[in-house]
Enquirer: 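Pasting a structure here, questions to come.
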Amino acid sequence: MAPRPKAFKIRSLRGPQKYGVAGRSLPELLRKGGKLLQLSVPDCRLCLYEDGTELTEGYFHIVSDIDHFLNTFYTQKDDIVEAAQKLLSDEQAPKRQKLLVDLIQNLSENILAESREEDRKWFEGIESRFKNKSSYMRYSCESRIRSYMKEVSSYTSAVHPAAQAEYKRITDFMLDKLKSVKYNGCYFDRREEEAVCLCTTEGWFSCQGPFDRDYCLCKHSINPYSNRESRILFSTWNLDHIIEKKRTIVPTLAEAVKEQDGREVAWEYFYQLLFTLENLKLVHIACHKKTSHNLTCDKTKIYRKRKRMRKVSK
C-alpha cells in the first residue's frame with residue numbers, strides 16, 4: 001500500500017508567499033516545489049523554516065510516521081480520556097497522577113472554539129464583557145503594552161526640570177501612536193494576519209529564546225486558547241525588551257531630551273524599542289534572563305538628521 005501524501009507549506013528563500021504542496025517522498029516534494037517556485041530541482045534543498053535544518057528522506061518519513069500516529073491517537077481520544085479518568089480515580093503516585101491529568105487536559109481541550117458559549121470553562125474568572133477568546137487575548141496584550149507606556153510616562157518626574165515639558169510632549173506622541181494601533185493587541189490575536197501576530201492561526205505561541213539567543217533551546221510552546229490552565233499559565237510568559245526598558249531605553253530618552261540642544265529627538269525610534277517587535281521577544285519564564293543585558297541604544301538614531309539647506313544662486 002502506497003504511503004499517504006504528506007502536506008507541507010513551502011516558500012522560497014527570499015519570497016514571503018507560501019504554497020501548499022503534498023508528496024509521498026522527498027524527491028516528489030522537491031519536484032513539485034521546484035516547479036511551483038520555478039527552481040532547478042538539482043539545485044534545490046528543503047530546509048525547516050524554524051532553524052534552517054535541511055530536510056532529509058529519513059526525516060521526511062519520521063514526520064509522516066508521527067503525523068499518522070497522532071491522527072490515530074486523536075481519532076480515539078474520547079476512549080483514551082475515559083480510560084485515563086478511570087486510572088486517575090485510583091492512582092496515588094504523584095508522578096503518574098500528573099501524567100494522567102496532563103493527558104486528559106490536552107485531549108479534552110477545545111482549541112478551535114472561540115465564543116463563551118462554545119467553551120465556558122475557558123472563560124471562568126473572565127469578565128462577561130469578553131465574548132470570545134481572541135478579544136480577551138488581544139486585551140491581555142494591550143494591558144502589557146499599556147503598562148509599558150505607564151512606566152515611560154511616570155519617569156517624567158525623574159527628568160531634568162528644564163526638560164520635563166519636552167519629555168511629556170514626546171510621551172504624548174507615543175501615547176497617540178499606541179492608541180491609533182490599539183496598543184498592538186494584534187500580537188496575541190490569532191485572527192490577525194501572520195505578519196503581525198505572534199501565534200499560529202490555532203493560537204500556538206513559541207518561545208523566541210532569551211535576549212542573547214536567536215531561538216529557544218528548550219522549544220517552549222503554549223496555546224492559551226486551548227484551556228483555562230494554559231490561559232493562566234501564559235500570563236507568566238514575558239514580552240521581554242532586548243535592549244532593556246528601565247535600565248537603558250527610558251533613561252537614554254530622558255538624557256536625549258535634556259541634551260538635545262536645538263536638535264529634534266527621534267521619538268519614533270524609542271517608540272519602536274519600547275512597544276514593537278523590533279525590540280520585544282516573547283519568552284517563557286525560564287528563558288527570561290533578569291541579569292543586565294548590557295546593550296545600548298543606537299546613538300546614530302537618537303536624533304533626527306538635520307536637513308541640509310540648499311544654496312540659492314543669484
Enquirer: In the single-linkage hydrophobic clustering (I, L, V, M, F, W, Y; side-chain heavy atoms under 4.5 Å), do I285 and L280 co-cluster?
Expert: no
Enquirer: Quick one: closest heavy-atom pair of S226 and D119, and the distance?
Expert: O-OD2, 4.1 Å
Enquirer: Hydrophobic clusters here meaning ILVMFWY residues chained together by side-chain heavy-atom distances under 4.5 Å, can you tell me if V265 and Y269 are in one?
Expert: yes
Enquirer: Do N132 and S134 have a side chain donor and acceptor closer than 3.5 Å?
Expert: no
Enquirer: Taking all non-hydrogen atoms of both residues into account, name the closest pair between C141 and L239 and its distance.
Expert: SG-CD1, 4.4 Å
Enquirer: Can you see which heavy atom on D240 is nearest to which on H288, and at what distance?
Expert: OD1-NE2, 3.2 Å
Enquirer: Quick check: do L253 and M174 have side-chain heavy atoms less than 4.5 Å from each other?
Expert: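 Result yes, sub-4.5 Å side-chain heavy-atom pair found.
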Enquirer: For T296, give me all partners under side-chain contact (heavy atoms from CB on, under 4.5 Å), at least two apart in sequence or on another chain.
Expert: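 With sequence neighbours excluded, T296 shows a side-chain contact (heavy atoms from CB on, under 4.5 Å) to no residue whatsoever.
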Enquirer: How about L178 and Y271: do any of their side-chain heavy atoms sit closer than 4.5 Å?
Expert: yes
Enquirer: The criterion is side-chain hydrogen bond (donor to acceptor under 3.5 Å, both in side chains); which residues satisfy it with S157, sequence neighbours excluded?
Expert: none
Enquirer: Do F211 and H241 have ring centroids that are under 6.0 Å from one another?
Expert: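 So the answer is no for these two rings.
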Enquirer: Any chance the rings of F234 and F188 have centres within less than 6.0 Å?
Expert: yes
Enquirer: Would you say the side-chain atoms of T248 pair up with the backbone N or O of K245, donor to acceptor, closer than 3.5 Å?
Expert: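 Side chain of T248 to backbone of K245: no pair is present.
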Enquirer: Tell me, please, which residues at least two apart from K35 pass salt bridge (Lys or Arg N to Asp or Glu O under 4.0 Å).
Expert: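 Residues passing salt bridge (Lys or Arg N to Asp or Glu O under 4.0 Å) with K35: none at all.
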Enquirer: Mark yes or no: R129 above the aromatic ring of Y139, with NZ or CZ under 6.0 Å from the six-membered ring centre and no more than 45 degrees from the axis.
Expert: yes
Enquirer: When you check the gap from the basic side-chain N to the acidic O, do K133 and E114 get nearer than 4.0 Å?
Expert: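 Here K133 does not pair with E114 in a salt bridge, since their nearest N and O are not under 4.0 Å apart.
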Enquirer: Any ion pair linking E166 and R169 (charged N to carboxylate O, less than 4.0 Å)?
Expert: yes
Enquirer: Could you check whether any side-chain N or O of Y225 sits under 3.5 Å from a backbone N or O of R190, counting only pairs where one atom can act as donor and the other as acceptor?
Expert: yes
Enquirer: If you define the side chain from C-beta out and look only at heavy atoms, does anything of L175 sit under 4.5 Å from M149?
Expert: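 Result yes, sub-4.5 Å side-chain heavy-atom pair found.
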Enquirer: Show your reasoning for whether side-chain hydrogen bond (donor to acceptor under 3.5 Å, both in side chains) applies to S154 and E151.
Expert: CA-CA 5 Å; S154 65; E151 287 182 60; over 6 Å; no
Enquirer: K168: what forms a salt bridge (Lys or Arg N to Asp or Glu O under 4.0 Å) with it, not counting sequence neighbours?
Expert: D172
Enquirer: Sequence neighbours left out, what passes side-chain hydrogen bond (donor to acceptor under 3.5 Å, both in side chains) with K150? Give chain and number order.
Expert: none
Enquirer: Taking the side chain as every heavy atom from C-beta outward, state whether L198 and L277 have any atom pair closer than 4.5 Å.
Expert: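 Yes, at least one pair of side-chain atoms sits under 4.5 Å.
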Enquirer: Could you check whether any side-chain heavy atom of H220 comes within less than 4.5 Å of a side-chain heavy atom of W237, counting everything from C-beta outward?
Expert: yes
Enquirer: What's the shortest heavy-atom distance between I242 and H293, and which atoms?
Expert: O-ND1, 2.6 Å
Enquirer: Which residue, C197, S230, P224, forms the side chain to side chain contact (heavy atoms under 4.5 Å, CB included) with F205?
Expert: P224
Enquirer: Is there side-chain contact between Q208 and Y215, with heavy atoms separated by less than 4.5 Å?
Expert: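 Contact flag for Q208/Y215 side chains = no.
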Enquirer: Is it possible for you to say whether V181 and L282 belong to one hydrophobic cluster, with membership spreading through side-chain heavy-atom contacts below 4.5 Å?
Expert: yes
Enquirer: With the 4.5 Å side-chain cut-off for hydrophobic clustering, are V283 and Y187 part of the same group?
Expert: no
Enquirer: Mind checking side-chain hydrogen bond (donor to acceptor under 3.5 Å, both in side chains) for H160 and listing every partner two or more places apart, or none if nothing turns up?
Expert: none
Enquirer: Pairs in or reaching into residues 273-284: which pass side-chain hydrogen bond (donor to acceptor under 3.5 Å, both in side chains), with residues at least two apart or in two chains?
Expert: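 Those involving residues 273-284 do not exist here.
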Enquirer: Could you walk me through whether S292 and E244 pass the side-chain contact (heavy atoms from CB on, under 4.5 Å) test, one step at a time?
Expert: CA-CA 8 Å; S292 177; E244 295 170 282; 3.9 Å; yes
Enquirer: Quick one: do E124 and R120 make a salt bridge, cutoff under 4.0 Å?
Expert: no
Enquirer: Mind checking what makes side-chain hydrogen bond (donor to acceptor under 3.5 Å, both in side chains) contact with R138, not counting sequence neighbours?
Expert: D189, E192
Enquirer: Any side-chain donor paired with an acceptor under 3.5 Å for E255 and T252?
Expert: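 Distance-only check fails for E255 and T252.
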Enquirer: With heavy-atom distances below 4.5 Å as the criterion, would you say the side chains of L36 and V21 are in contact?
Expert: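 Contact flag for L36/V21 side chains = yes.
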Enquirer: I'd like to know whether E268 forms a salt bridge (charged side-chain N to carboxylate O under 4.0 Å, His left out) with K301, so could you lay out the CA-CA distance, the side-chain angles of the two residues, the decisive distance to 0.1 Å, and finally the verdict.
Expert: CA-CA 10 Å; E268 295 94 341; K301 297 181 179 180; over 6 Å; no
Enquirer: Can you name the ring-ring contact (aromatic ring centres under 6.0 Å, His included) partners of F173, sequence neighbours left out?
Expert: W267
Enquirer: Centroid-to-centroid, F275 to Y148, below 6.0 Å?
Expert: no
Enquirer: Should side-chain heavy atoms under 4.5 Å link Ile, Leu, Val, Met, Phe, Trp and Tyr, which residues sit in the same cluster as W204?
Expert: I111, L112
Enquirer: Would you indicate whether the side-chain heavy atoms of E142 and K182 approach each other to under 4.5 Å?
Expert: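 Sidechains of E142 and K182: in contact.
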Enquirer: With sequence neighbours excluded, what pairs up with I232 under the side-chain contact (heavy atoms from CB on, under 4.5 Å) test?
Expert: R228
Enquirer: Any salt bridge (charged side-chain N to carboxylate O under 4.0 Å, His left out) involving residues 203-216? Give me the pairs, sequence neighbours left out, ordered by first then second residue.
Expert: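 Counting only pairs at least two positions apart or across chains, the salt bridge (charged side-chain N to carboxylate O under 4.0 Å, His left out) contacts touching residues 203-216 are D212-K289.
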